[in-house]
Amino acid sequence: MKKVVLPARNFSLGHTLASGQVFRWQTLDDGYLGLLGRSVVHVRQAGERLECETRDSAVTPERLRHYFALDHDLPAILRTVDVDPQIHEALQSFAGLRVIRQEPWECLASFICSSFNNIKRLQGMIERLCRRFGRVTPTGDAGARWWTFPEPTAIARASERTLRELGLGFRAPYLKAAARLVADGRLDAARLRRQPYEQAKQRLQTVPGVGDKVADCIALFALQQYEAFPIDVWTERILKRYVHRQPTRARLHRFARRHFGAYAGYAQQYLYHQVRQPGVSLDNLLQLC
DNA sequence: GACCAGGCAGAAC
DNA sequence: GTTCTGCATGGT
């Protein structure tokens, strides 16, 4: 077992992994067990350090730093979105939350499955997909096993019926079609990443099962396009406290990007995490308009 | 046993 | 261009 340690200032592993941007990390002892690409890693935070145990020599400090976006100048980013009392409170409460760099295919597949779903059930769906189509990997703990996220080719080959049996429901044909596009190279993350946000989003929305919201999630969590501002039912409720005049989806989007600026997606992640805390209702939020 | 969920696609207006 | 409507199903 190898141990990798790296500095992690202005970072909260807990807030980052619990904020609804990734779905597979599981708490283990005083840390989290999950995947970095195909490598099983056990990460824990010790003050301003991130410690990682793994059997895989491919895991380096650079890869961890990149995945957890520890290269972001977080204080500088958050200063640009700290523009009203509501977001200010969220920034204070969840200091160290970072928007991490997910593997694009996993992000795409996960958020296609997130449609009209709740996170608990979504996690179950993803886990069943991994156990059916992923590759089993030892974790290092005696007897414990972990499954990699399925390759797009594996999902592309699967029958819609099998996907439905895993509980995907109406999402099954969407996921299969999206997997085909990725497997065939017709949807290429590297190319999307080089495109301007609006253009990449437009292309993503041609993928079956990917609409306005899911496209924004992929742009933000996998393509590093930080002006993307995903609006789900929760975020919409929050934004309606800012915008009182006919808050259509398009108007909320325009407002969010104008109000929070180039790193609007960071603001969104803090607000989303804030409103989903147990015991927090919209009535607890500040009245802004 | 209602009600809801990190929505989308297609049809109707 | 905007506004319905159906979709599958587990968690609370």
Side-chain angles (χ1 to χ4, degrees), chain A residues 15-25 90 94 97-100 102 104 106-129 131-132 158-179 181 187 201-223 225-226 228-240 243 245-254 256 260 264-282 285:
Chain A
H15 289 324
T16 298
L17 294 182
S19 65
Q21 46 181 325
V22 277
F23 306 105
R24 285 205 75 203
W25 290 89
F94 307 110
L97 193 169
R98 287 173 187 258
V99 174
I100 66 177
Q102 290 188 46
E106 178 173 343
C107 185
L108 171 67
S110 299
F111 279 98
I112 284 176
C113 293
S114 77
S115 177
F116 199 32
N117 209 345
N118 59 58
I119 290 184
K120 270 270 164 53
R121 182 166 168 244
L122 168 62
Q123 288 171 325
M125 272 182 196
I126 294 173
E127 206 49 41
R128 288 192 292 278
L129 279 172
R131 289 183 183 221
R132 177 70 178 75
S159 72
E160 183 183 322
R161 183 178 168 181
T162 305
L163 296 176
R164 283 185 184 270
E165 282 168 3
L166 295 175
L168 268 71
F170 61 86
R171 308 161 191 84
Y174 298 154
L175 183 63
K176 184 172 163 66
L181 290 174
L187 188 70
K201 181 173 175 179
Q202 209 167 40
R203 170 70 181 113
L204 284 167
Q205 285 191 252
T206 66
V207 178
V210 178
D212 178 72
K213 188 267 174 181
V214 170
D216 270 330
C217 285
I218 299 160
L220 178 61
F221 301 135
L223 303 179
Q225 293 173 335
Y226 298 103
F229 194 99
I231 301 179
D232 73 320
V233 289
W234 292 100
T235 325
E236 183 168 358
R237 289 172 193 150
I238 301 168
L239 283 183
K240 281 180 177 170
V243 181
R245 187 173 64 92
Q246 271 292 320
T248 63
R249 186 55 66 94
R251 196 165 278 158
L252 293 177
H253 254 123
R254 280 197 298 276
F260 295 114
Y266 251 102
Q268 178 276 152
Q269 203 55 27
Y270 276 81
L271 290 171
Y272 175 78
H273 191 46
Q274 179 184 47
V275 76
R276 290 191 72 261
Q277 291 305 303
V280 171
S281 77
L282 287 170
L285 301 182

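Proteins come first, then strands; the chains are lettered A, B, ... in the order of their sequence lines, and each starts at number 1. Remember, it's a predicted structure, so these values are computed and weren't measured experimentally. Worth knowing before you read on, the calculation uses all heavy atoms, side chains too, and leaves out hydrogens, waters and symmetry mates.
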Subject >> Polar pair under 3.5 Å, donor/acceptor by atom type, side chain A:Gln123, base C:dG10 >> reply: no
Original post:
For C:dC7, does either OP1 or OP2 sit under 4.0 Å from a side-chain N or O belonging to A:Arg164?
Top reply: no
**OP:** State yes or no: are the ring centers of A:Tyr272 and A:Phe229 separated by less than 6.0 Å?
**Re:** no
Original post:
So, is A:Lys120 close to the C:dT12 phosphate, meaning a side-chain N or O under 4.0 Å from OP1 or OP2?
Top reply: yes
Subject >> Length of the line joining A:Met125:CE and C:dG10:C1', which is rounded to integer Å >> reply: 8 Å
Subject >> Gap between atoms CG and P, on A:Leu204 and B:dG6 respectively (whole Å) >> reply: 21 Å
Original post:
Can you tell me if A:Thr206 and A:Arg203 form a side-chain donor-acceptor pair at under 3.5 Å?
Top reply: yes
**OP:** Remember a base hit wins even if backbone is also touched, and classify A:Gln269 as base, sugar-phosphate or nothing at under 4.0 Å, heavy atoms.
**Re:** base
**OP:** Could you measure between the two C1' atoms, the one in B:dG6 and the one in C:dC4, and give it in whole Å?
**Re:** 22 Å
Original post:
With centres under 5.5 Å and planes under 30° as the test, does A:Tyr272 stack with B:dG6?
Top reply: yes
Original post:
B:dA9 C1' sits how many Å from A:Asp212 CG, rounded?
Top reply: 14 Å
Original post:
Donor-acceptor pair under 3.5 Å: do we get one between A:Thr235's side chain and the base of B:dG6?
Top reply: yes
Original post:
Heavy atoms under 4.0 Å, any strand shown: does A:Ser110 hit a base, just sugar-phosphate, or nothing?
Top reply: nothing
Original post:
Just wondering, are more than 12 heavy atoms of other shown residues or ligands nearer than 6.0 Å to CD in A:Gln202?
Top reply: no
**OP:** Give one of base, sugar-phosphate or nothing for A:Val207, where a contact means two heavy atoms less than 4.0 Å apart.
**Re:** sugar-phosphate
Original post:
If you look at every strand shown and take non-hydrogen atoms under 4.0 Å, does A:Gly20 touch a base, only sugar-phosphate, or nothing?
Top reply: base
Subject >> Whole angstrom value for the distance that separates P of B:dC8 from CG of A:Leu175 >> reply: 15 Å
**OP:** To the nearest Å, give me how far apart CZ (A:Arg121) and P (B:dC3) are.
**Re:** 19 Å
**OP:** Using a 4.0 Å heavy-atom cut-off across all strands, classify A:Glu236 as base, sugar-phosphate, or nothing.
**Re:** nothing
**OP:** Check for a donor-acceptor pair, side chain of A:Tyr270 on one end and backbone N or O of A:Leu97 on the other, with a separation under 3.5 Å.
**Re:** yes
Subject >> Which residue lies more 5' along DNA chain B, comparing A:Arg249 with A:Asn117 via nearest heavy atoms >> reply: A:Asn117
Original post:
Any side-chain donor paired with an acceptor under 3.5 Å for A:Asp232 and A:Thr235?
Top reply: yes
Original post:
What is the ring orientation for A:His273 with A:His15, classed by angle as parallel under 30°, tilted 30 to 60°, or perpendicular over 60°?
Top reply: perpendicular
Original post:
Please give, in whole Å, the distance from B:dG7 P to A:Gln205 CD?
Top reply: 15 Å
Original post:
Does OP1 or OP2 of B:dC8 have a side-chain N or O of A:Arg171 closer than 4.0 Å?
Top reply: no
**OP:** Send over the distance from A:Phe170 CZ to B:dG10 P, rounded to a whole Å.
**Re:** 13 Å
Original post:
For the pair made of CD1 in A:Ile238 and C1' in B:dG6, what is the distance, rounded to whole Å?
Top reply: 11 Å
